[in-house]
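So that the names make sense, note that chain A is the first sequence line, chain B the second, and so on, each numbered from 1.
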2 protein chains.
Amino acid sequence: MSQEVEQRSLSQYLEEHNLKHTKQREAILAAFLEATGHITSEEIHSRVRVDHPNIGYTTVYRTMKLLCDAGLATERHFDGGVTRYEIEHEHHDHLVCLRCGKIIEFECAMIEKTQLEIADRYRFRVLRHRHELYGHCDACVRELAE
Amino acid sequence: MSQEVEQRSLSQYLEEHNLKHTKQREAILAAFLEATGHITSEEIHSRVRVDHPNIGYTTVYRTMKLLCDAGLATERHFDGGVTRYEIEHEHHDHLVCLRCGKIIEFECAMIEKTQLEIADRYRFRVLRHRHELYGHCDACVRELAE
DNA sequence: AGTGAAATTGAAAATCACATTCAATTTCAA
DNA sequence: TTGAAATTGAATGTGATTTTCAATTTCACT
């Protein structure tokens with residue numbers, strides 16, 4: 001299946017860090033990968049429970065942190081106070097629909113460059129950033145117009 | 001004193017909304033204005049307690065919400081999960097020092113314009129945004145280099 | 001295969017920041 | 001002065017996450 005690379009990557013991380021390979025970790029990674037981006041621990045928990053009814057919420061929680069450390073997932077904190085996880089890939093920022101919750105990724109070299117220039121003016125060393133545009137997606141704008 | 005305008009502005013808002021003018025509200029606004037930007041409810045509470053030892057945390061909390069509604073303060077949620085309040089003024093974004101907590105405001109018409117162009121490409125209607133650069137300020141970079 | 005030290009699990013309890021409840025108090029228009 | 005309505009603040013609730021800890025599992029080494 002298409003999860004081989006990630007499962008192997010997890011195993012490698014676990015070995016390198018003297019951590020143990022468990023059914024739970026494997027199942028949680030699988031559930032996370034099967035979902036499409038920006039999922040919450042809660043959602044992963046329900047999904048993983050279908051096949052593994054006795055995996056606890058705490059374990060999902062801890063495992064998602066682990067996957068982040070292992071470089072397989074990234075934590076995102078959008079407005080609303082719930083942590084979401086996305087599959088780790090190139091840097092990007094987000095458009096977040098306040099009505100339907102849809103999350104669109106975007107990337108803009110121009111903005112990236114400009115923000116570094118701004119930081120330079122303050123002799124500020126940027127380590128990371130977040131840039132989120134909140135509003136209404138196309139579909140919601142249409143529905144609201146009705 | 002220099003708070004006259006804001007105090008009057010608060011009074012006006014209270015009248016217009018059939019709310020009452022209380023010592024607590026006045027004191028909390030005063031404490032907020034005396035502080036320099038990006039303060040937490042917790043901090044406002046300690047400050048206001050100096051002269052008004054029996055004002056409760058809940059009241060500070062509620063009053064800060066009120067000041068936001070009245071257009072005198074703005075709520076900000078930086079990484080770390082604590083709400084901070086700043087004196088309401090023109091739109092701007094932030095540089096946040098992860099070491100000393102210093103917060104620098106910046107504004108960039110170019111970025112504002114570019115992000116609207118990006119949103120347009122997705123037919124996304126932007127209602128608000130957040131753009132925060134996290135890293136180390138000049139002073140901290142120097143100290144870290146020692 | 002068996003052993004045991006170390007890691008992991010999961011239920012429950014703790015934490016953290018914020019929000020709500022409610023009885024007592026205060027405000028202010030009449 | 002009065003009393004209806006708003007406000008206060010202590011205590012309690014909430015929601016998301018985090019920690020605790022006893023029981024279980026993993027895995028390097030017999």
Side-chain angles (χ1 to χ4, degrees), chain A residues 7 10-32 38-49 51-70 73-85 101, chain B residues 7 10-32 38-49 51-70 73-85 101:
Chain A
Q7 290 290 357
L10 171 61
S11 298
Q12 192 187 328
Y13 179 85
L14 294 173
E15 271 180 47
E16 285 172 359
H17 293 259
N18 278 83
L19 301 174
K20 288 170 181 173
H21 194 287
T22 64
K23 290 180 200 316
Q24 288 92 332
R25 286 174 174 168
E26 194 173 318
I28 292 164
L29 173 55
F32 167 60
H38 309 105
I39 196 174
T40 64
S41 300
E42 192 64 53
E43 288 161 355
I44 297 169
H45 186 221
S46 342
R47 279 161 171 277
V48 90
R49 279 242 176 194
D51 291 323
H52 308 266
N54 33 9
I55 289 184
Y57 182 72
T58 315
T59 302
V60 173
Y61 204 84
R62 281 187 285 223
T63 302
M64 289 318 296
K65 284 236 170 307
L66 181 93
L67 295 184
C68 289
D69 292 342
T74 310
E75 236 182 84
R76 293 282 181 181
H77 302 271
F78 298 116
D79 283 5
V82 209
T83 302
R84 291 180 175 278
Y85 296 91
Chain B
Q7 290 290 354
L10 171 60
S11 298
Q12 193 187 326
Y13 179 85
L14 293 174
E15 270 180 49
E16 284 171 359
H17 293 259
N18 278 80
L19 301 174
K20 289 171 179 170
H21 194 288
T22 63
K23 290 180 199 316
Q24 287 91 332
R25 287 175 173 167
E26 193 173 320
I28 291 164
L29 173 56
F32 168 59
H38 309 104
I39 196 173
T40 64
S41 301
E42 192 65 51
E43 287 161 355
I44 297 169
H45 187 220
S46 339
R47 279 161 172 275
V48 89
R49 279 244 176 193
D51 291 323
H52 308 265
N54 31 10
I55 289 184
Y57 182 72
T58 315
T59 301
V60 173
Y61 201 81
R62 282 187 285 222
T63 302
M64 289 318 295
K65 285 235 172 306
L66 181 92
L67 295 184
C68 289
D69 292 342
T74 310
E75 238 183 81
R76 293 283 182 180
H77 301 271
F78 299 115
D79 282 7
V82 211
T83 303
R84 290 178 177 278
Y85 297 92

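- Phosphate contact (OP1/OP2 of D:dT17, side-chain N/O of A:Thr83, threshold under 4.0 Å): present.
- Remark: B:Thr59 is in phosphate contact with D:dG9, judged by side-chain N or O atoms under 4.0 Å from OP1 or OP2.
- Using a 4.0 Å heavy-atom distance criterion, B:Gln24 is classed as a sugar-phosphate-only contact.
- Look at CG on A:Asn54: it is 10 Å from P on D:dT25, rounded to the nearest Å.
- Between B:Glu75 and B:Met64 the shortest side-chain heavy-atom distance does not fall below 4.5 Å.
- Atom-to-atom, CD1 of B:Ile55 to C1' of D:dT8 comes out at 10 Å; the value is rounded to the nearest Å.
- Residue A:Thr22 is classed as a sugar-phosphate contact, given heavy-atom separations below 4.0 Å to backbone atoms only.
- Nearest-nucleotide positions on DNA chain C for B:Thr58 and A:Gly56 put A:Gly56 closer to the 5' end.
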Show the distances under 3.5 angstrom between N or O atoms of the protein and N or O atoms of nucleotides 13-15 of chain D.
none

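- A:Ile55 approaches A:Thr59 most closely through the heavy-atom pair CG2-CB, 4.3 Å.
- Distance, B:Lys65 NZ to C:dT20 P: 9 Å, rounded to whole Å.
- Phosphate proximity of C:dG10 to A:Tyr57: absent, as no side-chain N or O sits under 4.0 Å from OP1 or OP2.
- Taking the side chain as every heavy atom from C-beta outward, A:Tyr13 and A:Leu19 approach each other to under 4.5 Å.
- If you check C:dG10, C:dC28, C:dA7 against the side chain of B:His21, the one that comes closest is C:dC28.
- Remark: C1' of D:dA6 and CG of B:Leu10 are 15 Å apart, rounded to the nearest angstrom.
- One interatomic measurement links the two molecules: CZ of A:Arg25 to P of C:dG10, which rounds to 11 Å at whole-angstrom precision.
- For the pair B:Leu19 and B:Gly80, both in contact range of DNA chain C, the more 5′-proximal nearest nucleotide belongs to B:Gly80.
- In terms of heavy-atom proximity, B:Arg47 sits nearest to B:Ala31 at CB-CB, 4.3 Å.
- Ring geometry, B:Tyr57 versus B:His45: the interplanar angle exceeds 60°, so the pair is classed perpendicular (tilted spans 30 to 60°).
- Side-chain atoms of A:Arg25 come within 3.5 Å of backbone atoms of A:Lys20 as a donor-acceptor pair (strictly under, hydrogens ignored).
- Distance, A:Leu14 CG to D:dA28 P: 12 Å, rounded to whole Å.
- Under 4.0 angstrom from either OP1 or OP2 of D:dA28 there lies no side-chain N or O belonging to A:Lys20.
- If you measure from atom OH of B:Tyr85 to atom C1' of C:dA17, you get 11 Å, rounded to the nearest angstrom.
- A donor-acceptor pair under 3.5 Å links the side-chain atoms of A:Gln7 to the main chain of A:Glu26, judged by distance alone.
- One interatomic measurement links the two molecules: CZ of A:Arg62 to C1' of D:dA16, which rounds to 16 Å at whole-angstrom precision.
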